[in-house]
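One structure is given here, and the rest of the page talks about it.
Throughout, protein chains are lettered first and strands after them, A, B, ... in sequence-line order, and every chain is numbered starting at 1.
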Amino acid sequence: MAKQKVGIAMSGGVDSSVTASLLQQKGCDVHGFFMLLPVPGKERHVQRVRSVAEHLEIPLYCIDLQDLFNRKVIDYFIRTYLDGDTPNPCIVCNRQVKFGALLNVMRSRGMDKMATGHYARIRKKDTGEYILQKGCDPKKDQSYFLCRLTQAQLENVILPLGDYTKEEVYGLAAALKLSTIHGPESQDVCFLAGESVAAFFAGQGIGDRPGDIINTEGRVIGEHRGLWQYTVGQRKGLSIPDATPWYVYRLDAGNNRLVVCKKDRLFCRKVITRDVRWTGAAQPNPWRGRVQIRGRHLPSPATVAAGNNGEAVITFEAGQRAITPGQFAVFYEDDFVAGSAVITGAIAGEDIDL
RNA sequence: UGGGGCGUCGUCAAGUGGUAAGACACAAGACUUUGACUCUUGCAUUCGCAGGUUCGAAUCCUGCCGCCCCAG
């Protein structure tokens, strides 16, 4: 039987390098694929991946996905902010670019599977369905960012690091004498490269667009520099001196106004969502489980009542802080991703029990 | 113009003779494969200005400047 051909999505970082090595040791025919994206310092990245590929002695292909990335991720990023919502470019990139176009390229080049260095697991159920599971290391779990992957995508992907902790991966990297363990990985949006959103927008020719900051009573108490520089729950950048801090309550894109409030007002139990997608074919309605509202948010007990046109209302048992339109809600059943949706708003005030 | 009050960090605000609290804002760092939140640290050699009293003043005295209130 021929060796399984696996394409590794390589960034040159520790995780993807260890992933490649692990598969190599398992006897796979490993090929490295580097996504060329429109990000600052890409030349350095290319250098770094090259040295890793040489070190591991695997072939490396550089795939230019800049145009696609511009259209699918950056355009989405800008458009969402201009609409007064807060995008999650990583989730969209994973869905459209990394596990989309890149996966297709690998398939067309004869790869049986694609592997990445994400900390998450993919399981095949008795029904033949694939399901995403959290990684073993709860601190590093990245299943949230992979929530929008389809069955077809999950079927063609393997995530070796899901069974390891970050600690163990560092150990493996050290054993492999990977020089990249020293280079600190960037955790911010890759195409921002440390820049602020405001600076990025300015670079795109979108300058400041000042407007009023009002409190929930409608009184003007400050001025903002452009709605895209803020997000729900944000405290920094408001410049409103007071006895206690102010937080962004809502972005009113239609009137170019920023509504702010005090901390207590930020908590809400009901969330409205669109584009609901379930992993399994049939789901109880209402569904009950835990829902994660953003990266690094502890999934919290809630019910999801599906409505028409892919909409659904999430009702948490306890109020959640800063429900943010544009962000993704991921539904967890224990460690498994049961579904996800895009947040469009919160229902404040009296909660009606279902 | 009389009478009274007040002027302390960007904002609010302690401190009435013993050598400038705190909060908010702001900045830096940490955390983090989204934006945020959070945490840590920093942030007035100086108290409207100028003199004086005193071992020592933001705190007492004098003058000036500025603001507010009341009265005409």
When the [atom1] atoms of [N] and [M] are considered, how many whole Å apart are they?
N	M	atom1	answer
B:G10	B:U46	P	13 Å
B:U16	B:C37	C1'	42 Å
B:C9	B:A58	P	15 Å
B:A23	B:G18	P	24 Å
B:C26	B:U62	P	43 Å
B:G7	B:C49	P	13 Å
B:G4	B:U45	C1'	35 Å
B:G29	B:G66	P	44 Å

How would you label the contact of [X] with the nucleic acid (heavy atoms, under 4.0 Å): base, sugar-phosphate, or nothing?
X	result
A:P89	sugar-phosphate
A:R294	base
A:Y81	sugar-phosphate
A:Q234	sugar-phosphate
A:G233	sugar-phosphate

Pairs where residues 227-250 of chain A contributes a residue and the test side-chain hydrogen bond (donor to acceptor under 3.5 Å, both in side chains) is met, not counting sequence neighbours
A:T86-A:T231, A:D208-A:Q229, A:R225-A:Q229, A:D242-A:W246, A:D242-A:K262, A:T244-A:K262
Just so I know, are the side chains of [X] and [Y] near enough to count as touching, which here means a heavy-atom distance under 4.5 Å?
X	Y	value
A:L159	A:T116	yes
A:K42	A:L36	yes
A:H31	A:M111	yes

From the options A:K270, A:H297, A:R269, select the one residue that forms a side-chain hydrogen bond (donor to acceptor under 3.5 Å, both in side chains) with A:Q320.
A:H297
Within less than 4.0 Å of OP1 or OP2 of B:U38, is there a side-chain N or O belonging to A:Y247?
yes
I need a per-nucleotide contact map over nucleotides 23-29 of chain B, read 5' to 3'. Cutoff is protein heavy atoms under 4.0 Å; write B for the base, S for backbone only, - otherwise.
SBSS---
Separation of B:G35 C1' from A:Q292 CD (nearest whole Å):
14 Å
Nearest-nucleotide check on RNA chain B, A:V232 vs A:F145; residue mapping nearer the 5' end is A:F145
Which residue lies toward the 5' end of RNA chain B, A:L146 or A:Q229, if each is placed at its nearest nucleotide?
A:L146
Keeping to residues at least two apart or across chains, list the salt bridge (Lys or Arg N to Asp or Glu O under 4.0 Å) pairs with something in residues 87-105 of chain A.
none
Determine which pairs satisfy salt bridge (Lys or Arg N to Asp or Glu O under 4.0 Å) with at least one residue from residues 60-78 of chain A, sequence neighbours left out, and list them in order.
none
Is it the case that the side chains of A:N256 and A:H224 hold a donor-acceptor pair, with the cut-off being a distance below 3.5 Å and no angle test?
yes
With the 90 degree cut-off around zero defining syn, does B:C68 come out syn or anti?
anti
With A:Y81 via ring pair (Phe, Tyr, Trp, His ring centres under 6.0 Å) - residues at least two apart:
A:F77, A:F201
Rounding to 0.5 Å, atoms SG (A:C93) and CD1 (A:I91) come to a distance of 11.0 Å
Enumerate, in order of first residue number, the stems that involve RNA chain B, defined as 3 or more consecutive Watson-Crick or G-U wobble pairs with both distances under 3.5 Å.
B:1-7 with B:65-71, B:10-12 with B:22-24, B:26-30 with B:38-42, B:48-52 with B:60-64
